[in-house]
Engineer: 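A single structure is presented below for examination.
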Amino acid sequence: MVLLDSNVLIDYFRSRESDLAKQIDSMEIALCGVVRTELLQGARSEDEIDEYLKAFRTFDNLPNDEYDWEGTGFLLQTLRQNGIRVPLADALIAFTAIKYDVPLWTRDQHFKFIQGLYPELSLYEG
């Protein structure tokens, strides 16, 4: 199983016939709530929203609970103490990948900075 970041998921939806889409379709894929939220906020039409919601049902969900917010806060605080600032959403995505021990597929460089302090964050090289 691989957790997708929103930037990979956006590319997936842009071209469902691409090699990327075919690769994703052949894998066990998971999403977390913040990735779903990021994708929906960028939707340009009701049809696009419907497409996203339909696709979300085909992926596994990695739920977050109340303690994940504390864990994400500690992660952000550790990063800040080491001079690294990342968006809250990226910190929550990283924390979720660590919590569920699944690799994260992303194109965002923030996650390499997080991995520098949290080597248990596995990044998928697609």
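Just so you know, these numbers use all the heavy atoms, side chains as well, and skip hydrogens, waters and symmetry mates.
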Engineer: How far apart are the closest heavy atoms of Glu38 and Ala89, and which atoms are they?
Structural biologist: OE2-CB, 3.3 Å
Engineer: Let's go through Phe111 and Asp90 carefully: what are the C-alpha distance in whole Å and the side-chain angles of both, what is the deciding distance for side-chain contact (heavy atoms from CB on, under 4.5 Å) to 0.1 Å, and is it a yes or a no?
Structural biologist: CA-CA 7 Å; Phe111 294 99; Asp90 287 353; 3.6 Å; yes
Engineer: Would you call Leu39 and Val35 a side-chain contact if the rule is heavy atoms closer than 4.5 Å?
Structural biologist: no
Engineer: When rounded to the nearest 0.5 angstrom, what is the spacing between CD in Glu46 and CG in Leu53?
Structural biologist: 9.5 Å
Engineer: Provide the closest heavy-atom pair for Ala55 versus Phe13 in the form atom of the first, atom of the second, distance.
Structural biologist: CB-CZ, 3.4 Å
Engineer: Verify the distance criterion only: is there a donor paired with an acceptor across the side chains of Thr96 and Asp68 at less than 3.5 Å?
Structural biologist: no
Engineer: May I ask you to decide if Thr37's main-chain N or O and Gln41's side chain share a donor-acceptor pair within less than 3.5 Å?
Structural biologist: no
Engineer: Tell me every residue that passes side chain to side chain donor-acceptor pair (under 3.5 Å) with Asp5, counting only those two or more places apart in sequence or in another chain.
Structural biologist: Asn7, Thr106
Engineer: Are Cys32 and Phe95 close enough that some pair of their side-chain heavy atoms sits under 4.5 Å apart?
Structural biologist: no
Engineer: Indicate every side-chain donor-acceptor pair of residues 19-27 with a distance under 3.5 Å to a residue at least two apart or in another chain.
Structural biologist:
| from | atom 1 | to | atom 2 | distance (Å) |
| --- | --- | --- | --- | --- |
| Gln23 | NE2 | Tyr124 | OH | 3.1 |
| Asp25 | OD1 | Tyr12 | OH | 2.6 |
| Ser26 | OG | Gln23 | O | 2.8 |

Engineer: Do Asn61 and Arg36 come within less than 4.5 Å of each other through their side chains, counting heavy atoms only?
Structural biologist: yes
Engineer: Check whether any side-chain heavy atom of Leu104 lies under 4.5 Å from a side-chain heavy atom of Ser122, and answer yes or no.
Structural biologist: no
Engineer: Quick check: do Leu40 and Phe56 have side-chain heavy atoms less than 4.5 Å from each other?
Structural biologist: yes
Engineer: Within this structure, what is the CG-CD1 distance for the pair Leu121 and Ile98, rounded to the nearest 0.5 Å?
Structural biologist: 5.0 Å
Engineer: Does the side-chain contact (heavy atoms from CB on, under 4.5 Å) test come out yes or no for Lys99 and Asp65, once each step is laid out?
Structural biologist: CA-CA 11 Å; Lys99 173 184 174 180; Asp65 61 38; 3.4 Å; yes
Engineer: Working to the nearest 0.5 angstrom, can you tell me the gap between Asp108 CG and Ser6 OG?
Structural biologist: 8.0 Å
Engineer: Going by heavy atoms in the side chains, are Val2 and Glu28 under 4.5 Å from each other?
Structural biologist: no
Engineer: Please report the shortest heavy-atom distance between Gly42 and Glu48, naming the atom on each side.
Structural biologist: O-OE1, 4.0 Å
Engineer: More than 12 heavy atoms of other residues, nucleotides or ligands under 6.0 Å from CG of Asp101: is that the case?
Structural biologist: no
Engineer: Please round to the nearest 0.5 Å and tell me the distance separating atom CG of Leu62 and atom CG of Asp60.
Structural biologist: 7.0 Å
Engineer: Is the shortest heavy-atom distance from the side chain of Gln115 to the side chain of Leu123 under 4.5 Å?
Structural biologist: yes
Engineer: Just checking Tyr52: does its OH atom have more than 12 heavy atoms from other residues, nucleotides or ligands closer to it than 6.0 angstrom?
Structural biologist: yes
Engineer: Which pairs of donor and acceptor atoms, one on a side chain in residues 77-86, lie under 3.5 Å apart (sequence neighbours left out)?
Structural biologist:
| from | atom 1 | to | atom 2 | distance (Å) |
| --- | --- | --- | --- | --- |
| Thr78 | OG1 | Phe74 | O | 3.0 |
| Thr78 | OG1 | Tyr118 | OH | 3.3 |
| Asn82 | ND2 | Thr78 | O | 2.8 |

Engineer: Run the numbers on Phe59 and Leu9 for side-chain contact (heavy atoms from CB on, under 4.5 Å), then give the verdict.
Structural biologist: CA-CA 11 Å; Phe59 299 128; Leu9 201 53; 4.1 Å; yes
